[in-house]
Structure formats: structure tokens, C-alpha cells
Amino acid sequence: MVEQKNSEIIDLKKVVSQKRLKAFFGLLQGNYGAYAMATFSLAVSAICRSAVYLLLAYFVDDVLGTPNFSRQVPLVALGFLGLALVQGIFTYASGTLSGRTGERVAQRLRNFLYDQLQRLSFSFHDRHKTGELIQKVTSDVDAVRRFIAQESIEFGRIISLFLVNFGLLLYINSRLAWLSVICVPITVGMSIFFFGRISKAYENFQNQDGVLSSVLQENLSGVRVVKAFARQRYEIDKFEKENWSKYLLGRKLLMWHSVFWPVSDIITGAQMLYGFYLGAQMTIQGILTLGDYIAYVSVLVWLLWPIRNLGRVIVQMSQGLVSFDRVSSIIKEDREPLDEGDYLPAARPRGEIVFENVTFEYEAGQAVLNNVSFRAAPGQTIALLGSTGSGKTSLVSLLPRFYDYTAGRILLDGVELKRYPRRYLRDNIGIVLQEPFLFSRSIRENIRYSVADDIPDSDIEQAARAAAVHDVINTFPKAYETMVGERGVTLSGGQKQRVTLARTLLKNPAILILDDATSSVDTETEAEIRAALKQLMENRTTFLIAHRIQSVMLADLILVFDQGKIVQQGTHEELLAQEGMYRKVFDIQTMIEEEVQREVASATG
């Protein structure tokens with residue numbers, strides 16, 4: 001929840017929970033001085049610009065054609081140069097300070113959001129697409145940066161110019177001043193009207209942009225599958241459909257912009273012509289001097305055009321506010337409480353696990369596990385067998401408390417699982433997934449990832465030997481320093497799986513979860529991985545998910561799942577002696593293996 005920078009603690013969740021504009025102001029914590037100086041510099045710049053027109057009026061009325069003309073011209077010229085220099089300095093200061101503030105806020109948001117996403121629950125990530133989250137952390141944060149660095153400062157500049165120039169008009173002629181701002185409430189009202197509509201259109205556009213990013217991210221992640229099945233045309237059609245939806249939303253957003261600008265130009269242009277006419281009439285009548293009229297015309301331009309631009313800024317600010325709301329939706333999410341729990345043993349768990357009538361639902365009313373009960377003694381291997389979607393992976397996801405069960409209870413060493421802090425459970429549970437994931441780092445860094453960075457290299461190499469991958473690694477030119485490509489593409493499937501096994505071995509967990517760790521490799525590689533797994537499983541309570549009977553037949557207890565329920569349980573021999581799903585699967589797989597062996601024998605004979 002808390003972001004720390006230079007010993008200053010900022011609770012961003014509390015900040016964004018306030019009203020929107022107050023929350024924006026809260027984002028500036030630590031930068032108030034710089035932002036205040038940027039605003040002050042804007043005001044000074046606006047005053048200098050308006051002072052130029054007063055100096056111009058003085059020059060026309062009191063210098064031109066006077067006996068002191070040649071002596072006063074250099075002084076007036078120096079006045080113009082001095083005002084221009086001061087205006088330039090303060091304009092530069094305002095832009096620099098506001099830009100720096102915007103970058104600091106954006107950096108703070110990006111750092112916090114990245115940290116926040118690491119700490120949110122699995123259920124949050126289940127509900128949100130990756131592309132949408134990337135969109136919020138990048139595009140929407142940049143829109144917030146522009147709001148702070150450009151649009152809010154521009155809004156302040158417009159207000160400053162209006163107040164200073166309107167004050168100058170009042171000084172020239174109060175009646176003319178009031179007649180020159182008739183269009184201002186109309187323009188502001190129209191800007192507010194368009195604000196709501198453009199905000200909604202922009203929000204829809206950004207949401208669709210997130211959908212498009214998700215499609216692109218998913219396609220790039222699965223590009224090998226796309227090429228393997230020659231599904232490029234299908235993927236292109238899917239992308240074009242979402243891209244067309246984005247185009248339509250973008251066109252609607254552009255339509256609102258296209259309507260706004262001509263209308264605002266007509267209104268401000270008409271007001272300007274009316275002001276020029278009135279000023280000319282007053283000059284002809286002698287109410288205004290020629291210098292006053294020249295100053296009035298210049299000031300009127302710098303009064304009305306900023307008001308015209310006020311609509312543009314309000315529209316752009318609406319986009320920044322929409323992006324802020326999208327970013328805030330992540331910040332407001334509650335983090336997963338890793339250290340919440342009233343029971344923290346000093347030692348690692350023995351590994352006794354008991355399920356008592358456990359029911360689990362991802363969504364209310366849709367149970368994926370129903371009344372599951374069994375006991376795993378310390379050091380036992382529990383095999384889970386069943387069709388896809390029968391609840392096997394959901395069951396093992398409860399052990400590290402990725403999710404909490406809905407009903408019943410789970411006991412670890414006689415203590416209910418929910419009493420343990422999640423951090424303790426995850427420190428003592430090792431997981432080897434069906435799809436091994438490696439980061440774009442060296443092999444050494446990937447193996448070390450499960451433990452502290454200061455672990456000696458000898459321990460890393462020992463884990464690699466135990467996972468039967470040390471010799472393979474040494475065949476690479478850079479050995480353990482070999483960089484693994486994105487998602488580990490420089491390694492074969494079996495090599496990647498063995499590197500992940502080494503990573504888990506290095507962690508030395510008390511409880512081990514193997515989620516179909518050998519399903520995606522060939523028979524020879526499976527035998528090598530199974531040998532590594534045998535060492536990994538020794539003296540550890542192990543949950544083994546598999547589809548092949550050969551992988552589970554040596555387990556101490558086999559649980560057969562169907563539609564979230566345990567329909568059979570026992571050892572391999574006990575289950576073979578029963579009528580049921582296990583024996584059917586065994587018979588089918590045995591028949592297939594025998595058929596393959598006969599075909600191989602006939603081909604080689």
C-alpha cells in the first residue's frame with residue numbers, strides 16, 4: 001500500500017480513495033514546492049506578457065511624436081527586451097518544473113503498480129487480462145503524467161492569462177471589458193457539456209485498446225502454436241475484428257472533437273470581431289486613445305484564444321481523469337495478506353495434510369471441489385488422476401493458499417491451513433508446473449530464483465546435478481551464464497523442465513506439488529525427469545498430478561477425481577482390483593502401449 005521515496009512514506013491507496021481532484025493533488029506529495037513554483041512562474045509569465053501591451057500603449061500615446069522620442073525609444077526597447085527575457089525565463093522554469101514533477105509522479109505510479117500487481121491475489125489475475133493490465137501501467141500512467149505536466153499547468157496558464165488580461169481590460173475600459181467576455185460563460189458551458197461525452201468515449205476507447213493489447217499479447221505468446229496449426233488467418237481475423245471495434249470507438253471520439261473545435265472557433269471568433277468593432281467605435285468617439293485601442297486588440301486576442309483553448313484542455317483533462325480512474329482501480333485493490341495468520345512455527349512443517357469435507361468455488365454456486373476428504377502422512381506421495389477440469393489443479397492450489405477453500409477444512413500438521421501465513425506456506429512448498437516458465441535471464445539466475453541471491457554457486461550446480469541437467473548446461477559455450485530467451489525458447493522442453501526441477505530442488509521444500517510435470521516431453525526425456533523427480537520427492541510429502549498410470553502407480557495413495565469429487569482412492573493394486581474409472585484408464589493405456597510396441601517390433605523386424 002505504501003510507496004517510500006527518500007524517507008517519505010506515501011499511502012497511495014489512501015490517496016486515490018479521496019475525491020478525484022484531491023487525489024490528484026495527493027499524488028504530488030514530495031513535489032509540492034516544485035509544482036507551486038511552476039504555477040508561480042506561469043503567473044509571472046502571464047503578467048509579463050500583458051505588461052508588454054501596456055508598454056506598447058504607452059509607447060504609442062506618450063512616446064511617438066514627442067520631443068523626447070529619440071531619448072525614450074532605447075528605454076522602451078529595453079523594457080520590451082526585459083519583459084521578454086523575464087517571460088522566457090519563467091516560462092522555461094514552469095515547463096521544466098512541471099515536467100519534472102509529472103515524470104516523478106509517473107515513475108512513482110509505475111513502480112507502485114508493478115509492485116501492486118505482484119502482490120494481488122490469484123483471483124484478481126483470473127478476472128483481468130494481461131493486455132489490459134499492461135495498458136493501464138503504460139498508456140494510462142502516461143496520460144496521468146501528461147495531465148500533471150501539461151494539461152493542469154496549461155489550465156493554470158489559461159486562468160492566469162484570463163485574470164491578468166481581464167484586469168488589464170478593466171483598467172483600459174470597464175464597459176468594454178465586460179462586453180468582451182460575453183462568450184466566456186458560453187464557451188465554458190459548452191466545454192463542460194463536451195467533457196462528459198468525450199470522457200465516456202475516451203474510456204470506451206481505452207477499454208477496447210486494452211482488449212486489443214490482450215489479443216496481441218496472447219498471439220505473440222502463442223506464436224509457435226499459431227504457426228504449428230497454420231492458424232494465421234484465424235488470428236488475423238480475430239485481431240481485425242477487435243481492431244475494427246477500436247476504429248469505430250476512435251471515430252466516435254474524433255467526432256466529438258470535430259464538433260467541438262469548429263463551434264468554439266466560431267463563438268470566440270465572433271466575440272473577437274465584436275470586440276474589435278466596439279473598440280474601434282470607442283476610439284473614433286475619443287473614449288479610447290489609439291494606444292489604448294492597440295493594447296486592447298492585443299489583450300483581447302490573448303484573452304479569448306486561451307479561453308478557446310480551455311475547451312481543448314478540459315477535453316484532454318477528461319482523458320487524464322479517465323486514465324487516473326483506470327489506474328486507481330488497480331491501486332484500490334486489496335493486496336494478498338502474505339503475513340496474515342496467528343500460527344507461525346519456528347521449524348519447517350512435517351508434511352501431514354488432512355482434507356476434511358473440503359468444498360471450493362471460484363464463483364459462488366459453482367463448486368469445482370465438492371466434499372473432498374483424505375489424509376496424507378508425512379513423506380507420502382499422493383497422486384491425483386482424473387480428466388481435465390475434474391478439480392486436480394484446484395485442489396493443489398489450496399495448499400499454498402493461492403485460493404482459500406469455501407467450506408470444510410484443511411489441516412497441516414494438525415493446524416488449520418488458514419491459520420498459517422501465506423508466506424510461510426509458500427516458503428515451504430515447491431511447485432513444478434506442467435508448462436515450465438523461465439525468465440529472460442541466465443540459467444544460473446533462473447535456478448537461483450527460488451532462493452536468496454547470495455547462495456553459493458556450488459549449491460546451484462548441485463541442484464542441477466540432482467535434476468540431471470548439469471551436464472547439458474556445460475555443453476553450452478557459456479555454461480551456467482547462458483542467457484535463456486523469452487519464455488526459455490533456447491532450451492528444449494525437457495531441458496526447461498529439468499531447470500525448473502533444479503530451481504525447486506534448490507528451494508528444498510517440505511511439501512512438493514508436481515502438476516503434470518512430464519506430460520509435455522518425450523518418453524526418453526520423461527524417464528530422465530522421472531529419475532530426477534524420484535530424488536526430489538524423497539522424504540517430502542508430494543502431490544503428483546498426472547494422466548499416465550505409469551507416473552502414479554508407485555504413489556502411496558491415488559485419488560481419482562471426476563467432476564470435483566473423489567470417486568476412488570487407494571493404492572495402485574487396490575484400485576486395479578476394483579471396477580471403476582482407474583481400471584478403465586489403466587486398460588486403455590496398457591492396450592495403447594502394447595499396440596505401439598507391436599508396431600515398433602514389426603517395423604524393426
Side-chain angles (χ1 to χ4, degrees), residues 350-360 367-399 405 408-412 429-434 511-521 523 526-527 529-598:
R350 293 184 299 110
E352 181 192 33
I353 296 173
V354 179
F355 276 60
E356 294 182 353
N357 304 315
V358 172
T359 297
F360 171 60
V368 293
L369 291 174
N370 197 346
N371 201 33
V372 173
S373 298
F374 67 90
R375 177 182 178 274
Q380 278 193 331
T381 296
I382 310 299
L384 310 179
L385 190 73
S387 60
T388 301
S390 59
K392 306 182 300 298
T393 300
S394 296
L395 184 144
V396 296
S397 296
L398 301 179
L399 297 177
Y405 42 95
R409 64 176 187 162
I410 301 174
L411 303 178
L412 172 60
I429 296 176
I431 303 174
V432 180
L433 300 172
Q434 177 181 355
I511 299 168
L512 183 62
I513 297 172
L514 305 173
D515 191 351
D516 221 357
T518 61
S519 65
S520 58
V521 296
T523 306
E526 181 184 3
I529 292 176
R530 189 177 289 121
L533 287 175
K534 186 175 181 181
Q535 178 169 346
L536 182 59
M537 293 162 60
E538 189 173 343
N539 297 322
R540 291 182 173 90
T541 303
T542 302
F543 286 81
L544 173 62
I545 297 176
H547 289 92
R548 299 173 184 170
I549 297 293
Q550 188 177 6
S551 299
V552 305
M553 57 194 306
L554 297 179
D556 299 294
L557 176 65
I558 301 171
L559 306 176
V560 183
F561 279 83
D562 186 34
Q563 297 183 357
K565 298 179 180 180
I566 297 178
V567 293
Q568 286 182 283
Q569 61 177 297
T571 63
H572 172 68
E573 291 76 14
E574 291 171 347
L575 294 177
L576 278 184
Q578 304 173 11
E579 290 287 344
M581 183 184 295
Y582 187 85
R583 196 162 80 180
K584 289 179 182 178
V585 173
F586 177 81
D587 291 341
I588 292 171
Q589 292 187 5
T590 301
M591 182 179 64
I592 292 173
E593 289 177 5
E594 290 174 351
E595 182 66 28
V596 170
Q597 289 175 0
R598 283 196 298 269

(request) Compute the centroid of each ring, for F374 and then for F355, and state whether the two points are separated by less than 6.0 Å. (result) yes
(message) Closer than 3.5 angstrom, by distance alone: can the side chain of Q568 be matched with the main-chain N or O of L559 as a donor-acceptor pair?
(response) no
(request) Begin from the C-alpha positions of L399 and I513 and carry the test side chain to side chain contact (heavy atoms under 4.5 Å, CB included) through to its verdict. (result) CA-CA 9 Å; L399 297 177; I513 297 172; 4.2 Å; yes
(message) For a quick test of reading the model, state the closest non-hydrogen atom pair linking R375 to V354 and the distance between them.
(response) CG-CG2, 3.8 Å
(message) Quick check: closest heavy atoms across L412 and I353, and the distance to 0.1 Å?
(response) CD1-CG1, 3.9 Å
(request) From the options Q578, H572, E574, select the one residue that forms a side-chain contact (heavy atoms from CB on, under 4.5 Å) with L576. (result) H572
(request) Answer yes or no: is there a side-chain heavy-atom contact under 4.5 Å between F561 and V567? (result) no
(request) With V372 as reference, evaluate T359, I410, L398, I566 under the side-chain contact (heavy atoms from CB on, under 4.5 Å) test and give the passing residue. (result) I566
(message) Taking Q380's backbone N and O only, do any of them form a donor-acceptor pair with D556's side chain (distance below 3.5 Å, no angle check)?
(response) no
(message) Do V358 and N371 make a side-chain contact, defined as non-hydrogen atoms from C-beta onward lying under 4.5 Å apart?
(response) no
(request) Tell me, with the steps shown, if V560 and L575 meet side chain to side chain contact (heavy atoms under 4.5 Å, CB included). (result) CA-CA 9 Å; V560 183; L575 294 177; 4.2 Å; yes
(request) Measure the shortest side-chain to side-chain distance between I545 and T393 over non-hydrogen atoms and say whether it is less than 4.5 angstrom. (result) yes
(request) Decide, yes or no, whether a salt bridge links E579 with K584 under the criterion of side-chain N to carboxylate O below 4.0 Å. (result) no
(message) With a 4.5 Å cut-off on side-chain heavy atoms, are L411 and E356 touching?
(response) yes
(request) Verify the distance criterion only: is there a donor paired with an acceptor across the side chains of N357 and S373 at less than 3.5 Å? (result) yes
(request) State the OG-CG distance between S390 and L369, to the nearest 0.5 angstrom. (result) 9.0 Å
(message) Can you confirm whether F360 sits close enough to L395 that some side-chain heavy atom of one is under 4.5 Å from a side-chain heavy atom of the other?
(response) no
(message) Any non-hydrogen side-chain atom of D562 less than 4.5 Å from a side-chain atom of M581?
(response) yes
(message) Using modelled atom types and a 3.5 Å cut-off, is there a donor and acceptor pairing between side-chain atoms of T381 and backbone atoms of T542?
(response) no
(message) Determine whether a donor-acceptor pair (N or O, by modelled atom type, separation under 3.5 Å) exists between the side chain of K392 and the backbone of G386.
(response) yes
(request) Check N370 against K565 and note the closest heavy-atom contact, atom names and distance. (result) ND2-CE, 3.6 Å
(message) Rounded to the nearest 0.5 Å, what separates atom CG in L514 from atom CZ in R540?
(response) 10.5 Å
